[in-house]
> 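Take a look at this one; I'll ask things after.
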Amino acid sequence: MQLTLWSYEGPPHIGAMRIVTSMTGVHLVLHAPQGDTYADLLFTMIERRSQRPPVSYTSFQARELGGDTAELVKRTIQETFDRFRPQLILIGESCTAELIQDQPGALAQGMELPIPVLALELPAYTRKENWGASETFYQLVRGLLKSRVPAPGTERELRHAGARPLANLLGPTALGFRCRDDVVEITRLLDSIGVGVNVVAPLGASPQDVLRLPEADFNVCLYPEIADQTCDWLRRSFGQPTIKTVPIGIGAIHDFIAEIGRVAGIDVGTTAAPSSARMAWYSRSVDSTYLTGKRVFIFGDATHAVAAARMATEELGLTVVGLGTYAREFAREVREAAKRYGVEPLITDDYLEVEARVAEAHPELVLGTQMERHIAKRLGVPCAVISAPAHIQDFPARYAPQMGFEGANVIFDTWVHPLMMGLEEHLITMFREDFEFHEGAAPSHLGGMATRPALTAPVVPEEAAAEETPATTWAMEAEQELKKIPFFVRGKARRNTERFAQERGITTITVETLYDAKAHFGR
């Protein structure tokens, strides 16, 4: 296990907690030491849920390790059943409890409770949160439905002619990125093309709802990180096709509708965007210097990162200069997308590596998680959050989906507003000597930072600097000329010019050097 300041994903039992917190009638008994109950805060503080997660802990202490912790496990399970009366109990272990190998799942199944009890195998030292959520959802669905799987060769019963096709929406969870609102938006979108929703799971579903999954004509895999494995099992076991297109962005929405038309056998050729779908017109109407060619670095879970790259290039005219994910299970999809945009894929869960790549790429906008928001703030670059992990402000009270036509509107506002429009650039240049706009004043859209240390060359110890390259100085005229460059790219211009000068042995940077460097890097 890696000790770190920030982590993109927790251990797999956090993923299991996300599934049970999303559902009703399900309870998780977690074999965990005292102190591992901190995970409750993820839901009550970050997502601001009004109820704590349906999780009970054995909460063993150090003094109990020399005795029989099996009795503690069985007592906790019985107390959980007596108090909460769930329809289904899941049994799991935290990363610490895994080391003592008490096998709580076997103990629970030997108690012969009058409800289904499913034991989870969540290897904490080789897997992480999203995998844990995916595995928990898969084991839950498979455990409830395996007795209902038809015999091999059984023909799937087709819906009656003229009957409305039904879809399952699979993958939305607690602590997911805008899942609550995505479900509402996609339900509206499906209704507009004549498709009903059979079950949404795991978000809001009960074990009884899970038993109704086979009644749908097809499954919509809204969040592959969570539902891909379950959708594949339902396809193999019940013959249900899966809609793979994730409807984020106008182009993907039309592909999504077309795929449903093919799978469901319905005519969707005349489907039009609603009048509230403003994103396409808005993106064409803005000042061309506002969006076209702006350099964007994208990092997040695979689903949102790949969708963001397509939307950025095809619908907003941005240039992708970095694309990556922390979701190693979906690295192939991100690598394929990176190849389309001509960038080197970044597959890592080390935020320091992400920070180094962002600084190297010199983007004008970062799209990422809450980690990248902090990275961008240090580098003085605008940022928009597009993916979990996210913080409190990314679970808004307002309706703010990412999917569907309204989701495209939300994304346009979220991505574009941190940037600066051409008129704004012009006015700041015009009034750059004003007390509010001089080069020392922090831009309001970067959070009122008093300083932007990352906009200047990094601090290097004097002895190290002496060993590497001779120091470059700026002539007064060159410094004045540099101040005419908009502040959000000034740091990049300074770094490029100093690198240009050092490579050519120039110790004093003049106005001519500045423009020579600009011409060199502009080629």
Side-chain angles (χ1 to χ4, degrees), residues 7-23 26 28 30 39 42-43 47 53 55 88 90-95 98 105 118-146 168-179 182-183 199-205 207 209-210 213 219-238 240 242-246 300-307 325-334 347 349 369 387-390:
S7 179
Y8 287 98
E9 296 182 89
H13 72 265
I14 301 296
M17 291 181 67
R18 288 174 56 188
I19 299 300
V20 299
T21 303
S22 304
M23 300 184 69
V26 181
L28 171 66
L30 194 67
L42 294 173
F43 303 93
E47 196 173 24
V55 182
L88 170 69
L90 299 175
I91 310 294
E93 300 172 280
S94 75
C95 44
E98 184 183 335
L118 299 177
L120 301 174
E121 295 291 336
L122 303 175
Y125 295 92
T126 57
R127 298 290 189 170
K128 294 197 174 183
E129 179 182 327
N130 277 344
W131 183 90
S134 174
E135 181 69 11
T136 300
F137 186 43
Y138 164 67
Q139 292 293 347
L140 190 153
V141 171
R142 185 175 180 272
L144 290 174
L145 288 174
K146 63 182 178 181
N168 295 319
L169 303 185
L170 303 184
T173 67
L175 279 182
F177 193 72
R178 311 287 172 82
C179 291
D182 284 346
V183 168
V199 171
V200 176
L203 192 66
D209 293 325
V210 172
L213 285 175
N219 297 308
V220 176
C221 188
L222 283 184
Y223 304 94
E225 285 86 352
I226 307 300
D228 191 61
Q229 184 178 198
T230 300
C231 286
D232 187 56
W233 183 79
L234 290 170
R235 177 188 58 79
R236 289 184 283 106
S237 301
F238 293 94
Q240 289 176 310
T242 300
I243 303 299
K244 294 279 191 178
T245 304
V246 178
D301 67 32
T303 296
H304 289 91
V306 171
T325 185
Y326 57 82
R328 294 183 181 276
E329 292 84 2
F330 289 83
R332 176 182 298 176
E333 288 81 354
V334 174
I347 313 298
D349 58 1
T369 72
S387 160

> For Leu120 and Glu135: C-alpha separation, side-chain torsions, deciding distance, then whether side-chain contact (heavy atoms from CB on, under 4.5 Å) applies.
CA-CA 8 Å; Leu120 301 174; Glu135 181 69 11; 6.0 Å; no
> With heavy-atom distances below 4.5 Å as the criterion, would you say the side chains of Val210 and Pro207 are in contact?
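Answer no - side chains too far apart.
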> Output all residues satisfying side-chain hydrogen bond (donor to acceptor under 3.5 Å, both in side chains) with Glu329, sequence neighbours left out; order by chain, then residue number.
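Testing Glu329 for side-chain hydrogen bond (donor to acceptor under 3.5 Å, both in side chains), a comparison that skips the adjacent residues, returns none.
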> Quick one: side-chain contact (heavy atoms from CB on, under 4.5 Å) partners of Ala133, sequence neighbours excluded?
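Ile19, Ile226.
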> Side chains of Arg127 and Leu122, heavy atoms from C-beta outward: is any pair under 4.5 Å?
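No, side chains not in contact.
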> Flag the pair Val246 / Pro224 as yes when at least one side-chain heavy-atom distance between them is below 4.5 Å, and no otherwise.
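The answer is yes; the side chains approach within 4.5 Å.
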> Would you find a donor on one side and an acceptor on the other, under 3.5 Å apart, between the side chain of Glu9 and the backbone of Asn130?
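Such a contact is found between Glu9 side chain and Asn130 backbone.
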> Glu333: what forms a salt bridge (Lys or Arg N to Asp or Glu O under 4.0 Å) with it, not counting sequence neighbours?
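Counting only residues at least two positions away or on another chain, Glu333 forms no salt bridge (Lys or Arg N to Asp or Glu O under 4.0 Å).
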> What residues form a ring pair (Phe, Tyr, Trp, His ring centres under 6.0 Å) with Tyr223, not counting sequence neighbours?
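Partners of Tyr223 under the ring pair (Phe, Tyr, Trp, His ring centres under 6.0 Å) test: none.
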> Only pairs under 3.5 Å count here: list side-chain donor-acceptor contacts from residues 169-179, not counting sequence neighbours, and write none if there are none.
residue	atom	partner	partner atom	Å
Thr173	OG1	Arg18	NH2	2.9
Arg178	NE	Asp394	O	3.1
Arg178	NH1	Ala400	O	3.2

> Between Phe238 and Trp233, how do the two ring planes meet: parallel, tilted or perpendicular, split at 30° and 60°?
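Perpendicular: the ring planes of Phe238 and Trp233 meet at over 60°.
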> For Thr369 and Ala390, indicate whether the former's side chain and the latter's backbone hold a donor-acceptor pair under 3.5 Å.
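Checked: no pair found.
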> So, do Trp131 and Pro123 sit near enough that their side-chain heavy atoms are less than 4.5 Å apart?
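Sidechains of Pro123 and Trp131: in contact.
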> Within the structure provided, determine whether Pro389 and Tyr326 are in side-chain contact (heavy-atom separation under 4.5 Å).
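SC-SC contact between Pro389 and Tyr326 confirmed.
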> With His304, which residues qualify under side-chain hydrogen bond (donor to acceptor under 3.5 Å, both in side chains), at least two apart?
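With sequence neighbours excluded, His304 shows a side-chain hydrogen bond (donor to acceptor under 3.5 Å, both in side chains) to Asp301, given in chain and number order.
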> Side-chain contact, heavy-atom cut-off 4.5 Å: Leu145 with Leu234?
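A side-chain contact under 4.5 Å exists here.
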> Side-chain contact, heavy-atom cut-off 4.5 Å: Ile243 with Asn219?
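No - every pair of side-chain heavy atoms lies 4.5 Å or more apart.
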> Does any N or O in the side chain of Asp209 come within less than 3.5 Å of the main-chain N or O of Val199, such that one atom is a donor and the other an acceptor?
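Here the side-chain-to-backbone pair does not exist.
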